[in-house]
Amino acid sequence: MIEVTVSTGRLSVAGHSDYGAKGKDIVCAGVSAITYTLVRSLDSLCADNVRISEGDGIAILEYENLSERAKLLIDSFFIGISGLVEAYPEHVRLRL
């Protein structure tokens, strides 16, 4: 199960979906692509101070006082993740 957890000033994506074999897991690939895009977009398009930790099966973003642009990027991330939660509820969970 991949868990996307949101708390004040923190967003984490952790776990493995176990939907398919390693390298062929479309749920993991989808979550990874959306998360990777958010991380790179925040870094490239915003001047916000977002601390990012990444590892095998985990990404943690910590922030405060986000710009409107950064908030828009995070909102876009949630639109994508919500679609995956809806399509694959046994493999992706959103915790607010």
Side-chain angles (χ1 to χ4, degrees):
M1 172 72 70
I2 296 173
E3 289 197 3
V4 179
T5 306
V6 182
S7 57
T8 303
R10 189 172 197 268
L11 172 110
S12 70
V13 180
H16 296 282
S17 73
D18 296 322
Y19 180 81
K22 186 175 181 178
K24 297 182 188 248
D25 189 328
I26 62 170
V27 175
C28 182
V31 171
S32 295
I34 293 168
T35 304
Y36 183 83
T37 300
L38 173 63
V39 167
R40 299 304 169 256
S41 295
L42 288 169
D43 186 50
S44 298
L45 302 172
C46 302
D48 297 80
N49 182 21
V50 179
R51 293 167 304 285
I52 301 164
S53 304
E54 296 176 277
D56 182 34
I58 190 163
I60 299 170
L61 288 75
E62 296 176 297
Y63 46 82
E64 50 190 66
N65 301 320
L66 292 175
S67 66
E68 289 304 312
R69 180 177 277 187
K71 289 176 187 176
L72 181 62
L73 291 170
I74 290 174
D75 287 347
S76 179
F77 166 83
F78 280 112
I79 290 169
I81 285 295
S82 294
L84 290 172
V85 168
E86 193 174 302
Y88 303 99
E90 289 125 23
H91 302 281
V92 185
R93 179 182 311 155
L94 181 58
R95 302 179 124 203
L96 303 173

Rounded at 0.5 Å granularity, tell me how far [atom1] in [X] sits from [atom2] in [Y].
{"X": "Glu68", "Y": "Leu73", "atom1": "CD", "atom2": "CG", "result": "11.5 Å"}
{"X": "Arg93", "Y": "Ile81", "atom1": "CZ", "atom2": "CD1", "result": "14.0 Å"}
{"X": "Leu94", "Y": "Leu84", "atom1": "CG", "atom2": "CG", "result": "11.0 Å"}
{"X": "Thr37", "Y": "Leu42", "atom1": "OG1", "atom2": "CG", "result": "10.5 Å"}
{"X": "Arg40", "Y": "Asp43", "atom1": "CZ", "atom2": "CG", "result": "7.0 Å"}

Q | Within 6.0 angstrom of Arg51 CZ, more than 12 heavy atoms from elsewhere | A |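 More than 12 heavy atoms, drawn from other residues, nucleotides or ligands, come within 6.0 Å of this atom.
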(Q) With a sphere of 6.0 Å drawn around OH of Tyr19, does it hold more than 12 non-hydrogen atoms of other residues, nucleotides or ligands? (A)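 Counting other residues, nucleotides and ligands, OH of Tyr19 stays at 12 neighbours or fewer.
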Considering all heavy atoms, the nearest [X]-[Y] contact:
{"X": "Cys28", "Y": "Ile2", "value": "CA-CD1, 4.2 Å"}
{"X": "Leu66", "Y": "Tyr63", "value": "CD1-CD1, 3.5 Å"}
{"X": "Pro89", "Y": "Met1", "value": "O-CE, 3.9 Å"}
{"X": "Cys46", "Y": "Ser67", "value": "SG-OG, 4.5 Å"}
{"X": "Ser17", "Y": "Asp25", "value": "OG-OD2, 2.7 Å"}
{"X": "Asn65", "Y": "Asp48", "value": "O-OD2, 3.8 Å"}

Q) Knowing that exactly one of Val50, Ile60, Leu38, Thr5 qualifies, which makes a side chain to side chain contact (heavy atoms under 4.5 Å, CB included) with Leu11? A)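 Passing option: Leu38.
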Q. Do Val13 and Ile26 share a hydrophobic cluster (ILVMFWY, side-chain heavy atoms under 4.5 Å, transitive)?
A.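 Same hydrophobic cluster.
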Q. Same hydrophobic cluster for Tyr36 and Val4, using side-chain heavy-atom links shorter than 4.5 Å among ILVMFWY?
A.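 Unlinked, Tyr36 and Val4 end up in two clusters.
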Q. Judged by atom type as modelled, is there a donor-acceptor pair below 3.5 Å linking the side chain of Arg95 to the main-chain atoms of Glu3?
A.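 No: the side chain of Arg95 does not pair with the backbone of Glu3.
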Q: Keeping the roles fixed (side chain from Ser76, backbone from Leu72), state whether a donor-acceptor pair exists under 3.5 Å.
A: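 Absent.
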(Q) For a 4.5 angstrom cut-off between non-hydrogen side-chain atoms, does Glu90 reach Asp18? (A)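 When only atoms from C-beta onward are counted, Asp18 and Glu90 do not touch, as no gap falls below 4.5 Å.
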Q | Phe77 side chain near Leu61 side chain, heavy-atom distance below 4.5 Å | A |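 Heavy-atom side-chain distance check fails, nothing below 4.5 Å.
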